[in-house]
Amino acid sequence: MLEKYDLHCHSNASDGMLTPTDVVQRAHQQGVTVLALTDHDTVAGIPEAKCAANKIGLKLINGIEISANFLNQCLHIIGLNIDPEHPPLLENLLKQQNVRADRAKRISEKLEKKHILGTYEAIKKHVGPSEITRLHFADFLLTNHHVKTQQEAFDRYLGKGKSAYVPTHWVELEQAIEWINSAGGIAIVAHPLRYKLGVKWMNNMLTAFKAMGGIGIEIINARGTDDEIRLSCHFAETHDLYGSVGSDFHNPENDWLELGLLRQLPGKIKPVWDLF
Ligand code: AMP
Ligand code: MN
Ligand code: MN
Ligand code: MN
């Protein structure tokens, strides 16, 4: 059978809108046969997703998207095929989740200085035990008419260097890869072109990433243009990295960013699923 892969998406265990069950069912409706749930710094959605996947015969890959620091840059590292019950992984993620919660409180404090009050409390009440990301703040700002679009929330408040931006000490890249590898998984750089690194920087980062035990980069995601795919392939080939495919789906409102709505991985690239 020809598989259809989507190896990057979010549920409401982090900043996705749908429950893990709804994400799996939607992926199935979109023709996805192999799905990785990759919530930000948490594996909490995986048991529910697995249960839903088993019921409909979809293959679920246990995944995560870890925020990591490399020099002064925050990178998102996808872990695929991790053991979501690996005790050291869970312990380490708890630390990362504390970093996330502290940062959310500090973003909220910075917004108070802009006379936008009570964001942390409101978001926390809404999400319960799920991981809070800047997307939750963007949604709050949008819903409460402080901005007209999510993008404006990032441009005015939440983006790097803006008034409510909080520089954050995420786990170091090498550690993040180690967490993934020791939980039996493989490490992939998510959306490598979104960091806007120069070519030299990108090459340095990928050299380091590979030396640290990283395996691949995302080549295909929902927003990639032909030129971006070509450039990503170039980086994968130069550094002998595997290629991954993932929509980074968060919610059903963007019809241009849908589960499984992805182009084929070019034949010259080694697919990460060869390693599954
Ligand atoms: P965080 O990991 O808390 O820094 O939040 C990052 C999340 O915010 C990403 O995973 C996206 O879901 C969202 N995000 C980041 N930048 C943007 C943007 N410019 N527009 C919309 N969403 C964004
Ligand atoms: Mn997100
Ligand atoms: Mn990401
Ligand atoms: Mn993501």
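Position 1 is the first residue of the sequence, and the numbers go up from there. Keep in mind that this is a model prediction, so the values were computed, not measured. One-based numbering, in listed order, for ligands and for the atoms of each.
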Does Asp6 come within less than 4.0 Å of Arg26, counting only side-chain N to carboxylate O?
no
Would Asp155 and Lys162 pass as an ion pair if we require N to O under 4.0 Å?
no
Does any N or O in the side chain of Ser130 come within less than 3.5 Å of the main-chain N or O of Asn12, such that one atom is a donor and the other an acceptor?
yes
Counting the benzene-type ring for Trp, do His40 and His76 have ring centres under 6.0 Å apart?
yes
Under a 4.0 Å N-O cut-off, is there an ion pair linking Glu152 with Arg156?
yes
salt_bridge(Asp226, Arg263) N-O dist < 4.0 Å:
yes
For N/O/S atoms only: which one belongs to Asp15 and is nearest the Mn ion (ligand 2)?
OD2
Give me the protein N, O or S atoms that fall under 2.8 Å of the Mn ion (ligand 4), sorted by chain and residue number.
His8 NE2, His10 NE2, Glu65 OE1, Asp248 OD1
